[in-house]
Amino acid sequence: PWDIVVQKLPTGALFFDKRDASQFDYLTVHETSNTPPAPLGNRDNEEDQINTPERLSLEATMINQNFTQQILRSQKHRSNFDLPNPFWDEEDNDGMEPA
């Protein structure tokens, strides 16, 4: 569901923005599902309202945001492994240090 506001200035410039209450920033869910969940308006039972696309999208977005914060370390600690980086190629050195 795209909810975009388009503003045209007198100079002819176009500005595209999203509405504040839209779900534009949420992750998509069930795009490849054989049986996608029904939207909130098509649900009768209160128990069935848990797995609506809107709520699943909100849950996926929150999990994604929280996961990125949980894997960060507050200390600058770098692990050294026994074997070198298999993707590092000295001939391909463009001034970037390998991770």
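Everything quoted here is computed from the prediction, not taken from an experiment. Any value given below was found using the heavy atoms of this structure, including those in side chains, with hydrogens, waters and symmetry copies removed.
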Next on the checklist: Once side-chain hydrogen bond (donor to acceptor under 3.5 Å, both in side chains) is applied, do any residues pair with Thr28, and if so which ones, sequence neighbours excluded?
Outcome noted: Glu31

Checklist entry - Looking only at heavy atoms, what is the nearest atom pair of Ala60 and Val29, with distance? => result CB-CG1, 4.1 Å

Next on the checklist: Restricting to side-chain contact (heavy atoms from CB on, under 4.5 Å), what partner residues turn up for Thr68, sequence neighbours left out?
Outcome noted: Asn64

Checklist entry - Looking at CZ of Phe15 and NZ of Lys8, how far apart are the two atoms once the value is rounded to the nearest 0.5 Å? => result 13.0 Å

Next on the checklist: Just verifying a value: how many Å separate Glu59 CD and Tyr26 OH, rounded to the nearest 0.5 Å?
Outcome noted: 12.5 Å

Item to check | Shared hydrophobic cluster for Ile4 and Leu14 (ILVMFWY, side-chain gaps under 4.5 Å) | outcome: yes

Item to check | Crowding at CG, Asp20 (>12 non-hydrogen neighbours, <6.0 Å) | outcome: no

